[in-house]
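Chain identifiers are assigned alphabetically (A, B, ...) following the order of the sequence lines, protein sequences preceding nucleic acid strands; residue numbering begins at 1 within each chain. Values in this document were obtained by computation on a predicted structure and should not be read as measured data.
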2 protein chains.
Amino acid sequence: MSAAPSHVAYESDIAPIAALISDRTRAAMLTALLDGRALAAGELARLAGVSPATASSHLARLLDGRLITMEAQGRHRYYRLAGSEVARVLETIALISPPIQVRSLRQSRQAAMLRTARTCYDHLAGRAGVALLDALLDKGVLIPAGETYEVPADGEELLAGFGVDVPAVRRSRRKFAGPCLDWTERRPHLNGALGAALTARLIDLGWLVRGRERRALVITDTGRAGLADVFGCLLD
Amino acid sequence: MSAAPSHVAYESDIAPIAALISDRTRAAMLTALLDGRALAAGELARLAGVSPATASSHLARLLDGRLITMEAQGRHRYYRLAGSEVARVLETIALISPPIQVRSLRQSRQAAMLRTARTCYDHLAGRAGVALLDALLDKGVLIPAGETYEVPADGEELLAGFGVDVPAVRRSRRKFAGPCLDWTERRPHLNGALGAALTARLIDLGWLVRGRERRALVITDTGRAGLADVFGCLLD
DNA sequence: GTCATGCTTCGATGCTCAACGAAGGATCGT
DNA sequence: ACGATCCTTCGTTGAGCATCGAAGCATGAC
């Protein structure tokens with residue numbers, strides 16, 4: 001095929017984006033960036049199991065396709081996902097992808113940890129993420145408004161007491177708050193600037209701690225108690 | 001790379017699914033199936049601009065990857081998307097894909113039509129879809145409940161008067177109703193069994209008519225008046 | 001039965017692209 | 001200035017796969 005058939009010519013060209021994700025190495029890199037961190041090229045090469053030369057060419061293609069962004073710092077070059085829409089695409093595809101069969105006990109434990117709590121881009125996901133969103137909606141801290149959520153005055157007060165400055169979060173140019181479909185729970189967790197701020201505060205407080213695989217999160221005992229106390233969020 | 005690096009081994013294997021979408025021809029076929037219809041192999045070959053032999057091999061791969069399903073009828077073989085999750089993936093990727101530049105006036109008119117009203121899998125999308133969901137929420141016919149919507153008693157009554165049997169829709173095994181992010185409007189429209197039933201009824205009533213490209217929908221004058229009258233849904 | 005239609009399988013061709021080693025910047029430490 | 005580190009560019013190799021025509025296999029029409 002040299003040209004697109006005319007019947008689809010008025011649509012978005014999804015094949016090139018899918019092609020960027022369709023390579024195992026690039027998919028591994030994107031997945032490694034799914035927690036929203038910036039990683040250096042060498043680190044990504046090591047994680048994906050390829051030579052620096054190979055990694056560099058893949059990163060150049062991902063950059064060209066605007067799936068990632070780059071920031072040079074000294075002789076390091078840090079790459080991160082271009083935005084949460086990219087993370088959304090990856091998680092949406094994961095939703096219909098066959099899960100990789102678990103081979104070792106260690107892997108099985110890690111998978112269980114990820115299902116319990118993890119970061120999705122930069123906000124809380126997994127059972128804990130879903131439970132927290134449920135609790136916030138239940139308590140009226142969040143009010144659904146179409147695709148987004150709003151925070152009423154009393155909700156803003158409660159969040160202020162918790163240590164999240166809602167007016168400051170609102171000033172961010174990023175989407176304020178919205179639902180993000182969770183690929184393990186198949187139900188939404190909290191997205192956007194507010195989701196990120198809440199998650200950051202939870203980690204700051206020591207209610208959540210990063211696991212060895214940095215995407216994984218562990219809920220501490222104080223965290224469990226605090227979440228129940230402040231948000232009425234009960235975790236099994 | 002012969003094996004997946006251990007760091008991502010506990011996750012879903014997204015690369016193979018992305019690979020299925022990454023080919024222009026297969027992407028064209030999947031896009032053609034986005035309206036939820038079943039199309040014959042020959043039709044898909046023609047739409048994608050390839051020989052029957054080529055189309056057949058692509059369809060076999062899509063079938064193997066469970067992105068589509070097949071039903072044989074006589075000497076025809078009809079293919080359709082495996083489900084709305086697949087449609088969701090395609091639309092999500094479209095969200096971050098560069099739109100194809102418009103070349104002809106005809107294409108520009110068709111693109112405008114698609115933005116105004118179209119089917120997404122089997123439910124109404126585009127400006128009309130977003131406006132209808134807004135109106136339904138505004139009127140209280142739909143109540144947000146996490147990732148899904150519920151219909152209260154008076155909403156059920158209004159829909160019954162319109163010709164949609166909500167209890168029957170509820171009995172479907174499919175998800176009842178939910179938001180589906182619109183890739184042109186970047187705001188949600190109504191999804192699920194209820195979205196499909198509503199859309200079918202709108203077409204039945206002649207309020208919406210299929211365009212030449214079957215995914216496109218045209219709002220008739222009676223439709224415009226009816227939507228405003230019944231749902232308070234105003235279209236520009 | 002016989003022919004036409006719709007689709008798939010087979011085999012051959014050619015192109016794309018992932019991978020690596022080697023070499024070439026760029027930056028840091030000393 | 002000098003080597004060390006980090007990363008990229010270049011050139012080559014090899015594997016995968018999209019494509020088609022021809023042949024095979026069903027089904028439907030007559």
Side-chain angles (χ1 to χ4, degrees), chain A residues 1-5 8 13-33 37-65 67-80, chain B residues 1-5 8 13-33 37-65 67-80:
Chain A
M1 284 181 56
S2 57
V8 297
D13 203 1
I14 63 175
I17 297 291
L20 287 175
I21 308 172
S22 70
D23 177 79
R24 287 189 76 83
T25 301
R26 284 194 297 268
M29 290 173 160
L30 290 169
T31 303
L33 295 171
R37 274 183 307 170
L39 292 179
E43 182 79 357
L44 287 165
R46 195 184 59 77
L47 286 171
V50 293
S51 73
T54 302
S56 183
S57 105
H58 284 305
L59 290 168
R61 289 193 58 184
L62 290 173
L63 198 58
D64 188 59
L67 259 52
I68 59 175
T69 59
M70 190 263 284
E71 198 175 340
Q73 270 181 32
R75 43 189 174 183
H76 297 271
R77 293 200 174 183
Y78 288 97
Y79 292 90
R80 65 168 74 238
Chain B
M1 282 181 58
S2 57
V8 297
D13 204 1
I14 63 175
I17 297 291
L20 287 174
I21 309 172
S22 71
D23 177 78
R24 288 190 74 82
T25 301
R26 284 194 297 268
M29 290 173 160
L30 291 169
T31 303
L33 294 171
R37 274 181 309 169
L39 292 179
E43 182 79 359
L44 286 166
R46 194 184 59 77
L47 286 171
V50 292
S51 73
T54 303
S56 183
S57 104
H58 285 306
L59 289 169
R61 290 191 58 186
L62 290 172
L63 199 58
D64 187 58
L67 259 51
I68 60 176
T69 60
M70 190 264 283
E71 199 175 340
Q73 271 181 31
R75 41 188 177 184
H76 295 271
R77 294 199 173 183
Y78 288 97
Y79 292 90
R80 65 167 72 237

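Rounded to an integer number of Å, the gap from CD1 of Ile21(A) to P of dC17(C) is 16 Å. Across the protein-nucleic acid pair, Arg77(A) atom CZ and dT27(C) atom P stand 9 Å apart, rounded to whole Å. Atoms CG (Leu44(A)) and C1' (dC6(D)) sit 13 Å apart, rounded to a whole Å. As a whole-Å value, the separation of Arg26(A) CZ from dA19(C) P is 8 Å. Rounded to whole Å, the distance from CE on Met70(B) to C1' on dT8(C) is 10 Å. The CZ atom of Arg24(B) sits 18 Å away from the P atom of dC15(C) (whole-angstrom rounding). When rounded to the nearest whole Å, the span between CE of Met29(B) and C1' of dA18(D) equals 12 Å. Atom CD1 of Ile68(B) and atom P of dC7(C) are 13 Å apart (whole Å).
At a threshold of 4.5 Å between non-hydrogen side-chain atoms, the residues Gln73(A) and Tyr78(A) count as touching. Proximity of Leu47(B) to Thr31(B): side-chain heavy atoms (C-beta onward) are nowhere separated by under 4.5 Å. When side chains are defined from C-beta on, Leu30(A) counts as touching Ile68(A), because their heavy atoms get closer than 4.5 Å. Side-chain contact between Leu33(A) and Leu44(A) is present, with at least one heavy-atom pair separated by less than 4.5 Å. Looking at heavy atoms from C-beta onward, Leu59(A) lies in side-chain contact with Met29(A) at the 4.5 angstrom threshold. Between Asp23(B) and His58(B), the closest side-chain pair of non-hydrogen atoms falls below 4.5 Å.
In this structure, of dT8(D), dC7(C), dA19(C), it is dA19(C) that holds the atom nearest to the side chain of Val50(A). Of the candidate nucleotides dA18(C), dC7(D), dC7(C), dC7(C) has the atom lying nearest to any side-chain atom of Ala41(B).
Among the atoms of the strands shown, none is found under 4.0 Å from any heavy atom of Ala45(B).
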List the steps and the verdict of side chain to side chain contact (heavy atoms under 4.5 Å, CB included) for Ile21(B) and Ile21(A). CA-CA 10 Å; Ile21(B) 309 172; Ile21(A) 308 172; over 6 Å; no

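Within residues 53-65 of chain B, the residues approached by DNA chain C to less than 4.0 Å at the level of any non-hydrogen atom are Ala53(B), Ser56(B), in residue-number order.
Within the structure, every side-chain polar atom (N or O) of Tyr78(A) is placed at least 4.0 Å from both OP1 and OP2 of dC6(D). Applying the 4.0 Å criterion to OP1 and OP2 of dA18(C), one finds that Thr25(A) has every side-chain N and O outside that range. Remark: Ser51(A) is not in phosphate contact with dA19(C), judged by side-chain N or O atoms under 4.0 Å from OP1 or OP2.
In this structure, the separation between CG on Leu63(B) and CZ on Arg77(B) is 9.5 Å, given to the nearest 0.5 Å.
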Within the sub-3.5 Å range, which N or O atoms of nucleotides 25-30 of chain D have a protein N or O partner, and how far apart are they?
none

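Note on Asp13(A) versus Arg24(B): salt bridge recorded, some NZ/NE/NH1/NH2 to OD/OE distance being below 4.0 Å.
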